[in-house]
Amino acid sequence: QVQLVESGGGSVQAGGSLRLSCLATGLSFSRHAMGWFRRAPGKEREFVAVISWSGGSTAYANSVKGRFTISRDSAKNTVTLQMSSLKPEDTAVYYCAADRSFDLPTTERRYDYWGQGTQVTVSS
């Protein structure tokens, strides 16, 4: 059974940092692109970042480029989202997702597996 479990969410003031982690079990981690999405209150879920199966390529939403960094550790089956210079508009539930592909999917429907999400709240 595939499970994606996010951790590291919390509350922080604007300008602060948080580090989200996602532990993936039950799948061939090295054969999956791993992505992060988020859903803000009253909004659709949106793409945040993705890292390729090898870790050699990444892509980011324009709204987080230069502030967020995605990485993966295949030895630990973990993908991490380092978030810095956080803004109130980054407040959302953040979801980890996995897609068995060799490219960089940025749309929800491409992803096969999803975590339950972790709340990030940024106060001004």
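Since this is a predicted model, take the numbers as computed values, not measurements.
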Discussion item. The test is side-chain contact (heavy atoms from CB on, under 4.5 Å); show your working for Asn77 and Arg72 and say whether it passes.
Written reply: CA-CA 8 Å; Asn77 280 19; Arg72 66 189 295 157; over 6 Å; no
Response to the item:
Closest heavy-atom pair, Val93 versus Gln119, reported as atoms and distance to 0.1 Å, is CG2-OE1, 3.2 Å
Fill in: Phe102 six-ring face occupied by Arg31 cation (under 6.0 Å, within 45°)
no
Item to complete: Quick one: closest heavy-atom pair of Arg67 and Ser85, and the distance?
Response: NH1-O, 2.9 Å
Response to the item:
Of Leu27, Val2, Asp99, Val79, the one forming a side-chain contact (heavy atoms from CB on, under 4.5 Å) with His32 is Leu27
Fill in: Euclidean distance, Ser63 OG relative to Glu89 CD, rounded to 0.5 Å
9.0 Å
Discussion item. Looking at Gln116, I'd like to know if its CD atom is crowded, meaning that more than 12 non-hydrogen atoms belonging to other residues, nucleotides or ligands lie closer than 6.0 Å.
Written reply: no
Discussion item. Just verifying a value: how many Å separate Ile70 CD1 and Thr80 OG1, rounded to the nearest 0.5 Å?
Written reply: 8.5 Å
Worksheet item: Would you call the rings of Phe47 and Phe37 parallel, tilted or perpendicular, where under 30° means parallel and over 60° means perpendicular?
Response: perpendicular
Fill in: ILVMFWY network linking Met34 to Leu104, side-chain heavy atoms under 4.5 angstrom
no
Worksheet item: Can you list the steps and then say if Glu6 with Trp36 is a side-chain contact (heavy atoms from CB on, under 4.5 Å)?
Response: CA-CA 10 Å; Glu6 302 97 336; Trp36 285 95; 3.9 Å; yes
Worksheet item: Distance from Thr78 atom OG1 to Phe29 atom CZ, nearest 0.5 Å?
Response: 6.5 Å
Discussion item. A side-chain contact here means heavy atoms from C-beta on lying under 4.5 Å apart; do Trp114 and Cys96 qualify?
Written reply: no
Worksheet item: Can you check whether Glu108 reaches Glu46 side chain to side chain, under 4.5 Å on heavy atoms?
Response: no
What side-chain donor-acceptor pairs closer than 3.5 Å can you find for residues 9-25, not counting sequence neighbours?
residue: Arg19; atom: NH1; partner: Gln82; partner atom: OE1; Å: 3.1

Below 3.5 Å, can you tabulate the donor-acceptor pairs from side chains in residues 48-59 to any protein atom, sequence neighbours excluded?
residue: Ser52; atom: OG; partner: Ser54; partner atom: OG; Å: 3.4
residue: Ser52; atom: OG; partner: Gly55; partner atom: N; Å: 3.3
residue: Ser52; atom: OG; partner: Gly56; partner atom: N; Å: 3.3
residue: Ser52; atom: OG; partner: Ser57; partner atom: N; Å: 3.1
residue: Ser52; atom: OG; partner: Ser57; partner atom: O; Å: 3.4
residue: Ser54; atom: OG; partner: Gly56; partner atom: N; Å: 3.1

Discussion item. Minimum heavy-atom separation for Ser101 and Asp103, please, with both atom names.
Written reply: OG-OD1, 3.0 Å
Worksheet item: So, do Tyr111 and Pro105 sit near enough that their side-chain heavy atoms are less than 4.5 Å apart?
Response: yes
Worksheet entry | Heavy-atom closest pair, residues Thr69 and Tyr60 | CA-OH, 3.3 Å
Worksheet item: Are Glu44 and Arg39 within salt-bridge range, i.e. N to O under 4.0 Å?
Response: no
Item to complete: Using the rule that two of Ile, Leu, Val, Met, Phe, Trp, Tyr join whenever any of their side-chain heavy atoms come within less than 4.5 Å, decide whether Val122 and Leu81 are in one cluster.
Response: yes
Discussion item. Check whether Tyr95 forms a cation-pi arrangement with Arg45 (NZ or CZ under 6.0 Å from the six-membered ring centre, at most 45° off the ring normal).
Written reply: yes
